[in-house]
Undergrad: 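I am attaching a structure below and will ask some questions about it afterwards.
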Number of protein chains: 2
Amino acid sequence: MAFEYEYPRAALTVDCVVFGIDEGDLKLMLIQRKLPPFKGKWALAGGFVRVDETTENAALRELEEETGLKNVFLEQLYTFSAIDRDPRERVVSVAYYALVRLSDHEVSAASDAQDAAWFEIDEHPKLAFDHQGIVDLAHERLKNTLRYRPIGFELLPERFTLSQLQHLYEVILDTTLDKRNFRRRVLKTGLVIETGEVQKDVAHRAAQLFSFDKELYQKLKKEGFNFEV
Amino acid sequence: MAFEYEYPRAALTVDCVVFGIDEGDLKLMLIQRKLPPFKGKWALAGGFVRVDETTENAALRELEEETGLKNVFLEQLYTFSAIDRDPRERVVSVAYYALVRLSDHEVSAASDAQDAAWFEIDEHPKLAFDHQGIVDLAHERLKNTLRYRPIGFELLPERFTLSQLQHLYEVILDTTLDKRNFRRRVLKTGLVIETGEVQKDVAHRAAQLFSFDKELYQKLKKEGFNFEV
DNA sequence: CCAAAAGTGTTTCACGTACACCCATGC
DNA sequence: GCATGGGTGTACGTGAAACACTTTTGG
């Protein structure tokens with residue numbers, strides 16, 4: 001007990017809602033808590049913010065420590081400050097959401113946490129604290145963001161087929177899309193480029209592989225354009 | 001010095017970007033600081049979050065204490081946590097933006113702060129701390145939000161003319177809009193209703209006064225609709 | 001009667017949407 | 001040869017955008 005202040009201070013934490021996608025559904029990475037409160041319960045990755053790091057760095061650090069994930073897409077979601085959201089004491093939490101390429105990161109990649117696992121977004125255990133509310137808000141934000149910013153590519157491998165991309169949109173937006181219209185719109189943006197390569201080892205006609213044109217996106221973003229799928 | 005913790009803790013503050021609009025431009029409410037650091041400089045309204053209040057309540061409280069504003073529209077913007085954003089010590093700040101009806105709140109309404117004043121958004125003094133960055137982000141958010149949510153009404157009187165509404169959109173989005181197309185689109189939403197009243201004391205043809213249909217908006221919001229102007 | 005802002009319709013074009021069949025490949 | 005997903009074109013309707021003049025009122 002070495003740090004004293006004139007007024008009481010809330011503890012500051014970060015929480016990370018980690019999304020991933022595979023052939024099936026939208027996935028959520030959760031951590032099984034090793035310590036009270038809510039010991040043994042599943043919760044979001046996260047932890048206390050150190051006094052010499054930004055909240056974003058804290059989120060990246062906790063992600064790596066608890067799940068082994070590095071180099072992920074991370075954006076701030078919202079700051080939660082309800083008085084009783086933590087039973088121990090006053091805790092204010094800055095929530096982030098992360099998008100992860102499941103293809104790059106094996107499920108078992110967690111370093112010091114064998115207790116990290118992927119769950120389907122609509123089928124996961126009850127969460128500790130107010131984490132369900134954070135997940136709901138993150139999912140809502142993900143849907144909205146996907147509509148007007150090309151963030152879906154953060155969830156796919158470097159090279160992907162248009163069917164994979166469409167599947168991603170359908171899963172996240174919980175809808176079905178017309179294949180021809182989807183392909184036309186996506187190609188018209190100019191942001192996906194043909195690599196000339198095709199799928200391998202598939203038991204049907206191999207699909208073209210495309211990649212996302214990051215440079216063009218940065219350029220268009222500066223000029224202020226509208227992206228919509 | 002009475003509060004002790006095992007680890008050092010950042011101080012937690014709120015900052016409020018307060019927007020208003022009048023016949024002229026988009027306005028920003030600023031506070032002249034009475035205390036160091038940046039004594040005498042202009043800054044956003046805000047202050048320390050008490051340990052027994054949410055950040056949102058802190059923002060509302062500070063707004064009232066420093067500017068006299070009550071019952072304003074308030075939304076969380078972003079949480080700023082750069083290490084050196086405050087020269088005194090580590091301070092993490094949850095920023096909010098507020099929309100205010102200038103018609104309801106006289107500029108001089110500030111209670112304990114004669115040091116609050118409105119400035120044009122593009123013509124205000126240099127700001128303390130990282131507050132310019134916060135203002136820029138808030139302005140950006142305001143533009144984006146205005147496009148797909150009917151928040152403009154928070155800045156206008158209860159009863160307003162369509163020209164006032166159009167002027168608001170033009171000022172915030174920094175563009176010009178076609179009068180006929182604007183009126184058609186706005187009326188088609190069904191969210192603005194004729195009051196039957198007209199302007200008074202104007203030196204030209206009096207315009208119809210409209211009001212915003214809050215109930216209908218709540219209903220449509222639940223059903224999930226798209227609003228766009 | 002003049003100034004100042006209110007109010008009003010039509011045409012055009014682009015884009016979103018709906019819709020069904022053939023193609024390539026592996027087994 | 002069959003199962004599986006890949007890939008393609010057209011017709012229709014809606015909605016966004018461009019555009020100019022008349023009306024009302026006060027001074």
Side-chain angles (χ1 to χ4, degrees), chain A residues 21-25 103 146-148 150 156-157 159-171 173-211 220 224-229, chain B residues 21-24 146-148 150 156-157 159-171 173-211 220 224-229:
Chain A
I21 208 162
D22 66 6
E23 304 306 317
D25 262 318
S103 50
L146 187 65
R147 279 200 202 94
Y148 61 92
L156 292 179
R159 284 144 198 260
F160 51 87
T161 70
L162 294 184
S163 291
Q164 285 178 301
L165 185 62
Q166 179 176 349
H167 174 246
L168 181 148
Y169 273 83
E170 291 181 333
V171 162
L173 300 178
D174 191 26
T175 183
T176 59
L177 298 168
D178 181 84
K179 184 160 57 161
R180 284 161 292 189
N181 294 338
F182 181 82
R183 295 165 90 91
R184 190 183 315 125
R185 274 196 304 259
V186 165
L187 292 174
K188 190 162 63 66
T189 66
L191 290 169
V192 284
I193 46 190
E194 254 184 86
T195 64
E197 294 175 59
V198 295
Q199 278 184 316
K200 295 210 162 141
D201 302 319
V202 287
H204 52 78
R205 176 174 176 178
Q208 295 282 337
L209 291 172
F210 293 81
S211 66
L220 290 178
F225 73 120
N226 8 350
F227 172 88
E228 198 132 348
V229 180
Chain B
I21 209 163
D22 66 6
E23 303 306 318
L146 187 66
R147 278 200 202 95
Y148 63 93
L156 291 178
R159 283 144 199 259
F160 52 85
T161 69
L162 294 185
S163 290
Q164 285 177 302
L165 185 63
Q166 180 176 347
H167 174 246
L168 181 149
Y169 273 83
E170 291 181 335
V171 162
L173 300 178
D174 191 25
T175 182
T176 59
L177 298 167
D178 180 84
K179 185 159 59 159
R180 285 162 292 190
N181 293 337
F182 180 80
R183 295 164 90 93
R184 188 184 316 123
R185 274 196 302 259
V186 166
L187 292 173
K188 190 161 63 65
T189 66
L191 290 170
V192 284
I193 46 191
E194 254 185 87
T195 63
E197 294 174 61
V198 294
Q199 279 184 315
K200 295 211 161 138
D201 303 319
V202 287
H204 53 77
R205 176 172 176 179
Q208 297 281 336
L209 290 172
F210 294 81
S211 67
L220 291 177
F225 73 119
N226 10 348
F227 172 89
E228 197 130 349
V229 179

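Order of the sequence lines fixes the chain letters, A, B, ..., with proteins taken first and strands second; residue numbering starts at 1 for each chain.
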Undergrad: Are the side chain of B:Gln166 and the backbone of B:Leu177 linked by a donor-acceptor contact shorter than 3.5 Å?
TA: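 Side chain of B:Gln166 to backbone of B:Leu177: a pair is present.
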Undergrad: For A:Lys179 and D:dT8, give me the distance from atom NZ to atom P, rounded to whole Å.
TA: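 Those two atoms, NZ and P, are 10 Å apart.
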Undergrad: Between atom CZ in A:Phe182 and atom P in C:dA18, what is the gap in whole Å?
TA: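 The answer, rounded to whole Å, is 16 Å.
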Undergrad: Round to the nearest Å and state the distance from A:Lys200 atom NZ to D:dG6 atom P.
TA: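 From A:Lys200 NZ to D:dG6 P: 18 Å.
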Undergrad: Please pick, from C:dG7, C:dT25, C:dT17, the nucleotide with the shortest atom-to-atom distance to any side-chain atom of A:Arg205.
TA: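 Output: C:dT25.
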Undergrad: What I'd like to find out is whether the side chain of A:Leu209 reaches to under 4.5 Å of the side chain of A:Thr161, using heavy atoms alone.
TA: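 Yes, their side chains come closer than 4.5 Å.
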Undergrad: Identify which nucleotide among D:dG5, C:dG9, C:dC19 has an atom closest to any side-chain atom of A:His204, counting heavy atoms from C-beta outward.
TA: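 From the listed options, D:dG5 comes nearest.
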Undergrad: Distance check needed: C:dA20 C1' versus A:Asn181 CG, whole Å only.
TA: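 Taking CG of A:Asn181 and C1' of C:dA20, I get 13 Å after rounding.
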Undergrad: Looking at the side chain of B:Gln208, which of D:dC19, C:dC19, C:dG7 is the nearest nucleotide?
TA: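 The answer is C:dG7.
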Undergrad: Choosing from C:dG7, D:dG7, C:dT17, which nucleotide comes nearest the side chain of A:Arg185?
TA: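 The nucleotide sitting nearest to the side chain is C:dT17.
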Undergrad: Whether A:Arg183 contacts D:dG7 is assessed here as follows: a side-chain N or O lying under 4.0 Å from the phosphate OP1 or OP2. Is that the case?
TA: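 Indeed, a polar side-chain atom of A:Arg183 lies that close.
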Undergrad: Please report the distance, rounded to the nearest Å, between OH in A:Tyr169 and P in C:dG16.
TA: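 The distance from OH of A:Tyr169 to P of C:dG16 comes to 14 Å, rounded to the nearest Å.
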Undergrad: At under 4.0 Å between heavy atoms, what does A:Ser163 touch on the DNA or RNA strands: base, sugar-phosphate, or nothing?
TA: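 Counting heavy atoms under 4.0 Å across all strands, the contact made by A:Ser163 is with sugar-phosphate only.
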Undergrad: How close or far is atom P of C:dT25 from atom CD of A:Gln199, stated in whole angstroms?
TA: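 A:Gln199 atom CD is separated from C:dT25 atom P by 12 Å.
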Undergrad: Please figure out whether B:Thr161 or A:Ala206 has its closest DNA chain C nucleotide nearer the 5' end.
TA: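 Nearer the 5' end of the strand: B:Thr161.
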Undergrad: If you only use heavy atoms from C-beta on, which nucleotide in C:dA18, D:dT23, D:dA18 is closest to the side chain of A:Arg184?
TA: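 Given the options C:dA18, D:dT23, D:dA18, the side chain of A:Arg184 is closest to C:dA18.
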Undergrad: Is B:Arg180 close enough to D:dA17 that one of its side-chain N or O atoms is under 4.0 Å from OP1 or OP2 there?
TA: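 Answer is no, no contact under 4.0 Å.
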